[in-house]
Amino acid sequence: MRKSFCFKCIIFIMLFLPITAATAGNSCKKVRFSDVGWTDITATTALATYVLKAMGYEPKTYLLALPVTFTSLKNHDIDLFLGLWMPTMTGDITPYLKEQSIELIRTNLEGAKYTLAVPKYVYDAGVKSFADLQKFEKKFKREIYGIEAGNDGNRLIIDMIKKNAFGLGKWSIRESSEQGMLGQVGRAVKRNKWIVFLGWEPHPMNTDFEMAYLSDGDDYFGPNYGGAIVQTVARKGFISECPNVGRFIKNLSFSLRMENEIMKLIISQGMQHEKAARYWLKKNPHVLDKWLKGVMTINGIPALPIVKNALGAR
């Protein structure tokens with residue numbers, strides 16, 4: 001009886017496991033990202049998307065506002081977000097981490113910054129800190145240029161205005177988009193006009209404009225000129241449900257140089273984001289050695305040679 005029972009078990013396992021594996025593979029084939037419309041997150045998401053496609057997956061990116069991104073992660077409507085800027089998004093993410101509806105995966109970028117900035121000629125004229133803004137309120141027309149409504153940087157500015165921090169109680173924020181804000185900066189610089197705006201690195205703005213970051217905004221944007229790290233977050237359970245994709249996501253990290261170069265291709269050269277990611281990867285295939293360590297294609301083949309072959313890189 002014992003031999004007969006074990007034989008039946010073996011037959012069952014042989015028949016059942018392939019079905020289970022196929023089902024798991026199919027359920028993980030579609031990988032859903034959020035992109036909040038910032039070029040740095042567009043660039044990193046494009047890198048991940050290209051590699052996943054080369055591995056046989058079907059990634060899709062949704063353009064969502066930041067609050068919607070976190071709600072969508074909680075509701076399992078998307079799987080991954082590569083753009084958690086900390087500490088400025090602490091207030092946004094903390095409730096979800098506490099209720100464990102969103103999982104923190106890893107830090108994917110170090111050395112970033114995010115705070116208010118001005119053109120260099122404005123800085124040289126005496127605007128070196130947040131407190132200096134009010135001294136020149138007429139020059140600035142009491143306006144601070146932000147990006148899309150609902151993002152963390154805009155909310156910090158709105159909070160400063162509400163609290164009359166640095167004497168900014170009568171100021172207002174001009175909400176637009178990353179491209180809209182930088183368009184305003186470009187026009188101001190051409191005319192030598194005064195403007196204060198949200199600045200961050202990595203971003204080509206740091207080389208496209210002569211600009212300087214303002215000091216003393218630590219209570220709002222954090223120390224070291226809004227010094228930041230960027231982290232990857234996932235919906236609850238995604239990494240354990242899709243361990244192969246999870247291994248890739250855990251391996252995935254970026255550098256300031258990498259992101260600046262890809263963003264330059266997107267913004268300055270008008271290259272489509274996924275094409276820019278492929279172009280950069282083809283010139284820098286060594287990053288794949290780390291990203292794809294222990295990672296397989298969707299068909300169970302080691303991913304590294306497959307992705308490099310897709311790039312035409314060796």
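The first residue of the sequence shown is numbered 1, and numbering continues consecutively from there.
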query = Are side-chain N/O atoms of Asp152 and Thr88 paired as donor and acceptor at under 3.5 Å?
reply = yes
message = Is there a side-chain contact between Tyr220 and Lys163 in this structure, where contact means two heavy atoms from C-beta onward sitting under 4.5 Å apart?
response = yes
message = Is there a path of hydrophobic side-chain contacts, each under 4.5 Å between heavy atoms of I/L/V/M/F/W/Y residues, joining Ile93 to Leu109?
response = yes
Salt bridge present between Glu58 and Lys30 (N-O < 4.0 angstrom) = yes
message = Would the distance check show the side chain of Thr207 and the main-chain N or O of Pro204 forming a donor-acceptor pair, the cut-off being under 3.5 Å?
response = yes
ask   = Looking only at heavy atoms, what is the nearest atom pair of Ala54 and Ile306, with distance?
value = O-CG2, 3.6 Å
ask   = Got more than 12 heavy atoms from elsewhere within 6.0 Å of OH, Tyr279?
value = no
message = Would you say CD of Glu210 has more than 12 non-hydrogen atoms from neighbouring residues, nucleotides or ligands within 6.0 angstrom?
response = no
ask   = Okay, side chain of Asp79, backbone of Phe33: is any donor-acceptor separation there less than 3.5 Å?
value = no
key: Side-chain touch Leu281/Leu47, heavy atoms, less than 4.5 angstrom   = yes
Glu99, CD: over 12 other non-hydrogen atoms inside 6.0 angstrom = yes
query = So do Lys282 and Arg278 actually touch side chain to side chain, heavy atoms under 4.5 Å?
reply = yes
request  = Determine whether Trp38 and Ile147 make a side-chain contact, defined as any pair of heavy atoms from C-beta on separated by less than 4.5 Å.
outcome  = yes
remark   = Between Ser253 and Lys290 the two heavy atoms that sit nearest each other are OG-NZ, 3.4 Å
task = First locate atom CD1 of Ile78, then atom OG of Ser72, and finally report the distance between them rounded to the nearest 0.5 Å.
result = 5.0 Å
key: Verify same cluster id: Ile229, Trp200 (apolar side-chain graph, 4.5 Å)   = yes
ask   = Can you check whether Lys193's main-chain N or O pairs, donor with acceptor, with Tyr121's side chain at less than 3.5 Å?
value = yes
inquiry  = Using the rule given for side chain to side chain contact (heavy atoms under 4.5 Å, CB included), can you reason through Met181 versus Gln184, listing the C-alpha separation, both sets of side-chain angles and the distance that settles it, and then say yes or no?
reply    = CA-CA 5 Å; Met181 181 193 74; Gln184 289 287 348; 5.7 Å; no
key: Test item: Arg32 side-chain N/O and His76 main-chain N/O as donor-acceptor pair under 3.5 Å   = yes
Over all atoms of both residues, closest heavy-atom pair of Ile105 and Ile239 = CD1-CG1, 3.5 Å
query = Yes or no on side chain to side chain contact (heavy atoms under 4.5 Å, CB included) for Leu64 and Phe81, after CA distance, side-chain angles and deciding distance?
reply = CA-CA 10 Å; Leu64 304 172; Phe81 177 50; over 6 Å; no
request  = State, yes or no, whether a side-chain contact exists between Leu73 and Phe70 at a heavy-atom distance under 4.5 Å.
outcome  = yes
inquiry  = Cation-pi check for Tyr123 against Lys128: NZ or CZ below 6.0 Å from the six-membered ring centre and within 45 degrees of the axis, yes or no?
reply    = yes
query = Are Lys283 and Glu261 close enough, and set up right, to give a salt bridge (Lys or Arg N to Asp or Glu O under 4.0 Å), and what steps lead you there?
reply = CA-CA 11 Å; Lys283 288 184 172 295; Glu261 289 176 357; over 6 Å; no
query = Under 4.5 Å between side-chain heavy atoms, hopping through other hydrophobics if needed: is there a path connecting Ile267 to Phe254?
reply = no
request  = Keeping the roles fixed (side chain from Ser268, backbone from Leu265), state whether a donor-acceptor pair exists under 3.5 Å.
outcome  = no
query = Any side-chain heavy-atom pair from Gln231 and Met89 closer than 4.5 angstrom?
reply = no
ask   = Has the side chain of Arg235 got a donor or acceptor atom that lies under 3.5 Å from a matching backbone atom of Lys74?
value = no
message = Less than 4.5 Å apart, side chain to side chain, heavy atoms only: is that true for Met263 and Met258?
response = no
key: Verify same cluster id: Val233, Met86 (apolar side-chain graph, 4.5 Å)   = yes
request  = Find out whether Leu214 and Val118 are in side-chain contact, i.e. whether some heavy atom of one side chain is under 4.5 Å from a heavy atom of the other.
outcome  = yes
request  = Run the salt-bridge test on Asp208 and Lys264 with the 4.0 Å N-O cut-off and return the result as yes or no.
outcome  = yes
query = Does a donor on one side chain and an acceptor on the other come within less than 3.5 Å for Asp132 and Ser129?
reply = yes
query = To the nearest 0.5 Å, how far apart are CD in Glu178 and CE in Met205?
reply = 6.5 Å
ask   = What orientation do Phe248 and Trp291 show, parallel under 30°, tilted 30 to 60°, or perpendicular over 60°?
value = perpendicular
Heavy atoms of other groups near Glu137 CD, more than 12 under 6.0 Å = yes
key: Verdict with supporting geometry, Lys236 and Glu241, salt bridge (Lys or Arg N to Asp or Glu O under 4.0 Å)   = CA-CA 10 Å; Lys236 183 178 181 180; Glu241 292 166 19; over 6 Å; no
query = When the ring planes of Trp171 and Phe140 are compared, do they come out parallel, tilted or perpendicular, using 30° and 60° as the limits?
reply = tilted
ask   = Counting N and O atoms only, with roles assigned by atom type, does the side chain of Asn309 sit under 3.5 Å from a partner on the main chain of Pro305, one being a donor and the other an acceptor?
value = no
request  = Show your reasoning for whether side chain to side chain contact (heavy atoms under 4.5 Å, CB included) applies to Lys53 and Glu274.
outcome  = CA-CA 11 Å; Lys53 282 184 177 179; Glu274 199 171 320; 3.2 Å; yes
task = Would you check if the side chain of Asn154 reaches a backbone N or O of Gly150 as a donor-acceptor pair within less than 3.5 Å?
result = no
ask   = Between Thr61 and Asp35, do the side chains contain an N or O donor and an N or O acceptor separated by less than 3.5 Å?
value = no
ask   = Nearest 0.5 Å, what's the CG-NE2 distance between Leu198 and His203?
value = 11.5 Å
request  = Kindly compute the distance separating OG1 (Thr71) from CG (Leu66), expressed to the nearest 0.5 Å.
outcome  = 9.5 Å
message = Using side chain to side chain donor-acceptor pair (under 3.5 Å), reason through Tyr213 and Asn224 one step at a time and then give a plain yes or no.
response = CA-CA 10 Å; Tyr213 291 91; Asn224 301 317; over 6 Å; no
inquiry  = Over 60° means perpendicular and under 30° means parallel, so tell me whether Phe221 and Tyr114 are parallel, tilted or perpendicular.
reply    = perpendicular
query = Taking the side chain from Asn151 and the backbone from Glu148, do they hold a donor-acceptor pair closer than 3.5 Å?
reply = yes
message = Please give me the minimum heavy-atom distance between Val245 and Cys28, naming the atom from each residue.
response = CG2-O, 4.4 Å
inquiry  = So which atom in Gly83 and which in Ile41 form the shortest heavy-atom distance, rounded to 0.1 Å?
reply    = CA-CD1, 3.3 Å
Distance (rounded to the nearest 0.5 Å) between Asn108 CG and Leu84 CG = 9.0 Å
ask   = Any Lys/Arg nitrogen of Asp289 or Lys293 sitting under 4.0 Å from an Asp/Glu carboxylate oxygen of the other?
value = no
Main-chain N/O of Gly237 paired with Ser240 side-chain donor or acceptor, under 3.5 Å = yes
key: Hydrophobic cluster identity match, Ile158 and Leu168, side-chain contacts under 4.5 Å   = yes
ask   = Measuring from Met55:CE to Leu304:CG, what's the distance to the nearest 0.5 Å?
value = 10.5 Å
query = Per the side-chain hydrogen bond (donor to acceptor under 3.5 Å, both in side chains) rule, which among Asp77, Thr45, Thr69 passes with Ser34?
reply = Thr69
task = Just do the side chain to side chain contact (heavy atoms under 4.5 Å, CB included) check on Asn244 and Val295 with the steps written out, would you?
result = CA-CA 6 Å; Asn244 188 57; Val295 178; 3.8 Å; yes
